[in-house]
Amino acid sequence: MLSEKSWFGRQVPQPSEHGAGRPALVALGQGWQCQRCHQWTHSNDRLPNGNGYCRQCLQMGRLTTQDKLYTIPEPNRFSQQSTPILSWLGSLSPQQQQASRAVLQYLRAHRNHLLWAVTGAGKTEIAFPALAWALAQGWRVAWCSPRVDVCLELAPRLQRAFATTSQAILYGGQTRPYTYSQLTICTTHQLLRFQSAFDWIIVDEVDAFPLRSSPMLQSAVRSAQKPTGSQLLLTATPGPDLQRLVRRHELAVTYVPLRYHGVLLPQIDVQIVWHWRQRLENGRLPAKLTQQVRRYLADHQPFLLFVPHVVDLQAVQAALDRAGILDAVTVHAADPRRQEKVLAMREHRIPFLVTTTILERGVTFANVAVIIFGGDDEVFSTAALVQIAGRVGRSAQYPTGEVTCYCHSQTRVIQGAQHMIGQLNRQGRLLGGRIS
Amino acid sequence: MQQYKFQGDYALRRVFQEVLTQVLLDCEYDILVPIPVDLATWQNRGFNQVTAWLTDQPYFQALTVKAHHKSQPQSAKSRAERLRTSQPFQLVEKAAPLLAGQRVLLLDDVYTTGRTLRHAAAEIILGGAKAVTSLTLAR
């Protein structure tokens, strides 16, 4: 038996006694519009009995023209909390405090806000004071991200920092059932099941795939938010759309150009290697690259070797083998042992990982160097390169490190990444950023 | 397959229609019998994932799933459990005269242990068919 709380601020196909039901698919022009994901469905997408169904949000459970969506308007029925809400005991650096005050100020003004903070600035903690304030108001808050890894890493931290607040984590394929909670940590896909539920939505890694390129998920974030609500967008690398909104003063922005430990970002060192692709096809790596790998191994310096595509993993592994470097471990998005390998890397049980862009963000290794092989390949966007470079020097113990990018030629994308890092470091220097 | 069969994306049937049509042209058979889905699945999914692949090939739905046969789907079981599954099918009324002496081709989507197809084949043979062969899309 589900309690009526299961419908608060949600839109689900299960009928409710108290909730209003409306058709899940509404006829529009030649086809239908799905009321859950707001995407169009073609009139050819029919079942044998003639019912239309939505192909766009199929993975959330199929909706047909026979289904209805039920909702109960969000009543914010949470127990009042008397104890201090924020149980986090850490402290913020002066830059973090300043950003944190800005976040709170825009939140109180119900305004959307972009927190543009460099990789390793401590974005999560910057949002804590404002989150504590929102929860004290009895607001319902969602902390969402397009990346499930980000949510999984975040949930225990938020649990510790807000120990008395009811929290739920939602992602595809989870086993725990839904519970009505004041703080919801979820993937952006899960927001499709909500309607006008949240007073505040924090979108972590707002420029990450698939949110960046999915109108469905972008509309999911909008409609999960109450009309009176607002959003906080977190990223180190806002895309051109967000930057345009900022330039037009349609979106408030706060910069945190300096990492919490006060050391500037490592700049990307570009090494030109002609025809690396052809050489790789012949089973060879550039001599410069193998020398660098040998040096890292001799110095016991852990590192990540990024390659453009999944198919390149094997080729690079084979080429390393041929050069006498036999311990290469590869990892990609669909690798069933991905978590295990990342953990092994973190615990220094393996000296390095050969990886695709899957490890570009949301992962922290204490003391790591980065090599990008084939940085001129089109899979590496400016944002991806800045994020990859941002893996280096994240801990206060090891605040520096090397980022090397091997490519056939300097491209505009690589220059854009160097430019972005340079720009942030210029601002960081004004705030007293150090080189080491 | 996951999206097509379990999430019910009927539009994906077109992906395999062409290849199946080609293969069926090369098969020698008299009657095509697709593996049926049970009533609950039919109501839920809204289509039979096997017959949806057929474009205009004639077929005969000679088998049905017994009404009382209600357990978890084969795809949710372990290998040992799958192999222990009891006969889920029965012949439809008046199937026997049509099947007598005919070469029957069974059509299914996924072959894992072969348990489903062997049960189906046993029923078809009981119906008097001369020979039974099977075609599955994936193994």
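The sequence lines fix the lettering, A, B, ..., with proteins before strands; numbering per chain opens at 1. Here the structure is a predicted model, which is why all the values come from computation and not from measurement.
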- [ ] Decide yes or no for Leu105(B) and Leu24(B): does some side-chain heavy atom of the first lie under 4.5 Å from some side-chain heavy atom of the second?
- [x] yes
Task: Interface moiety of Asn44(B) toward chain A, non-hydrogen atoms closer than 4.5 Å - done: backbone
Task: Check: Gln195(A) main-chain N/O paired with Glu74(A) side-chain donor or acceptor under 3.5 Å - done: no
Open item on the list: Can you tell whether the side chains of Arg103(B) and Asp30(B) come within less than 4.0 Å, N to carboxylate O?
Closed with: yes
TODO: Please report the shortest heavy-atom distance between Trp53(B) and Asp108(B), naming the atom on each side.
DONE: CZ3-O, 4.3 Å
Open item on the list: Test your reading of the model: is there a side-chain donor-acceptor pair from Asp26(B) to the backbone of Val23(B), 3.5 Å cut-off?
Closed with: no
Open item on the list: Please check: side-chain N/O of Glu340(A) versus main-chain N/O of Arg337(A), any donor-acceptor pairing under 3.5 Å?
Closed with: no
Task: 4.5 Å side-chain heavy-atom contact, Val329(A) and Met345(A) - done: no
- [ ] Measure from the side-chain N and O atoms of Gln218(A) to the backbone N and O of Leu211(A), and report whether any donor-acceptor pair falls under 3.5 Å.
- [x] yes
Open item on the list: Taking the side chain as everything from C-beta on, heavy atoms only, tell me whether Gln43(B) gets closer than 4.5 Å to Leu39(B).
Closed with: yes
Open item on the list: Measuring only between side-chain heavy atoms, which start at C-beta, is Lys77(B) closer than 4.5 Å to Thr85(B)?
Closed with: yes
Open item on the list: Can you list the residues of residues 115-137 of chain B that sit under 4.5 Å from chain A, counting heavy atoms only?
Closed with: none
Task: Residues of residues 31-46 of chain A near chain B, each having a heavy atom less than 4.5 Å away - done: Asn44(A), Asp45(A), Arg46(A)
Open item on the list: Suppose a student defines contact as a heavy atom less than 4.5 Å from any heavy atom of chain A. Which residues in residues 3-13 of chain B would they list?
Closed with: Gln3(B), Gln7(B), Gly8(B), Asp9(B), Tyr10(B), Ala11(B), Leu12(B)
TODO: Can you see which heavy atom on Ala197(A) is nearest to which on Gly9(A), and at what distance?
DONE: CB-O, 3.2 Å
- [ ] Decide yes or no for His309(A) and Thr356(A): does some side-chain heavy atom of the first lie under 4.5 Å from some side-chain heavy atom of the second?
- [x] no
Open item on the list: So Ile358(A) and Arg338(A), do their side chains get closer than 4.5 Å, heavy atoms only?
Closed with: yes
Task: 4.5 Å side-chain heavy-atom contact, Phe60(B) and Val104(B) - done: no
- [ ] For the pair Asp109(B) (side chain) and Val50(B) (backbone), establish whether a donor and an acceptor sit closer than 3.5 Å, ignoring hydrogens and angles.
- [x] no
Open item on the list: Using only non-hydrogen atoms and a strict under-4.5 angstrom cutoff, which residues of residues 52-60 of chain A touch chain B?
Closed with: Tyr53(A), Arg55(A), Leu58(A), Gln59(A)
Open item on the list: Donor-acceptor pair, distance only, cut-off 3.5 Å: does the side chain of Lys341(A) make one with the backbone of Thr330(A)?
Closed with: yes
Task: Ring-face cation contact, Tyr178(A) with Arg193(A), 6.0 Å cut, 45° max - done: no
